[in-house]
Amino acid sequence: MRQTPRSSSNFRRPLIEHVERVQKNVRSCTGCGLCCTEAYNAQRILRIEATDIADHLATLPARRRDALLHRVDAVIARYRLAKAHEARLYTCPFLEPDFTCALPFDVKPLACLTFNPTTKDSCDQESKRFDLALPALEAANRAAGHDGKLAPIPVAVKAAWRARSASEPRSKKAGGRGEG
Ligand code: SF4
Ligand code: SF4
C-alpha cells in the first residue's frame, strides 16, 4: 500500500512504540474493542486528525473505502452527531465486526493511541502521554490552517473527505464516491 506522509505523524511515533509494548507486555486488545463502542466512546478529534484518516481512506481500494464511508454516514445518522455540540456517546465507524480497528496506527487519533490497558484487568486514558503529545498535534493542526474545533470522529472525517474530494482535479473524481 502506498504510504502517505502524515502531516501530524511526528507525535505518533513514540506513542505507537508504547502501544506495541503494552499490547505485548500488559494485555492485547484483540477481541475487545469496548472503549470504541457507545458504552464508552465519545471521542472528538481535531481536523488534522481527520485529514490523516481521509488521506488513508483515499489509498484504499474503492470498495473498501466506500464501505467505510458508508459506515461513517450511518454512524452520524444513527447517533445524530451532525449537529451535536456537546460530547455524545457513539460506536466508532472504524470498529470492525471482529472488534479490531480499521485504521492503521499511523493515522489513529491521539486519544485512541493514549487509551490503553494499564493492567491485565483495566484500561484508562493515559493523560500524561496525551498531554505531552497534544502541543505537536495542535501545532500541526494550526499549520494546516485549521481552527481548534473538535468534532466526533465520523463528523470530522466526513468533512475532511469532502474537502479532499473538492480539492481533487475533476478527472480524478470520476471514479470516487464524491460527496456522499
Ligand atoms: S483499551 Fe481496553 S477496553 Fe479498549 S479495546 Fe483495549 S482492552 Fe478493550
Ligand atoms: S479509530 Fe479505531 S481505536 Fe479509535 S475509537 Fe475508532 S475503532 Fe476505536
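All ligand and atom numbering here is 1-based and tracks the order in the structure.
- Take a cut-off of 2.8 Å around atom 8 (Fe) of ligand 2: the protein N, O or S atoms inside it are C36 SG.
- Under the 3.5 Å distance criterion, the side-chain polar atoms of R44 are left unmatched by any main-chain donor or acceptor of A156.
- The shortest distance between side-chain heavy atoms of E96 and R71 falls below 4.5 Å.
- Side-chain N or O atoms of S122 include none that pairs as donor or acceptor with a backbone N or O of T118 at under 3.5 Å.
- Protein heavy atom closest to atom 8 (Fe) of ligand 1, with residue, atom name and distance, is C32 SG, 2.3 Å.
- Minimum interatomic distance between L57 and R65 (heavy atoms only, all atoms of both residues): O-CD, 3.1 Å.
- Looking from atom 6 (Fe) of ligand 1 to the surrounding protein, the closest heavy atom is C29 SG, 2.3 Å.
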Can you check salt bridge (Lys or Arg N to Asp or Glu O under 4.0 Å) on R12 and D106, steps first, answer last?
CA-CA 7 Å; R12 286 196 180 91; D106 72 334; over 6 Å; no
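- Near R27, meaning under 4.0 Å from one of its heavy atoms, ligand 1 places the atoms 7 (S).
- A donor-acceptor contact shorter than 3.5 Å is absent between the side chain of K149 and the backbone of L46.
- At distances below 3.5 Å, not a single donor-acceptor pair connects side-chain atoms of Y40 with backbone N or O atoms of L89.
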Should E126 and K128 be marked as a salt bridge (Lys or Arg N to Asp or Glu O under 4.0 Å) after you check the CA-CA gap, both sets of side-chain angles, and the distance that decides it?
CA-CA 6 Å; E126 300 171 299; K128 275 193 192 153; over 6 Å; no
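- Of the protein's non-hydrogen atoms, C123 SG, 2.3 Å is the one closest to atom 2 (Fe) of ligand 1.
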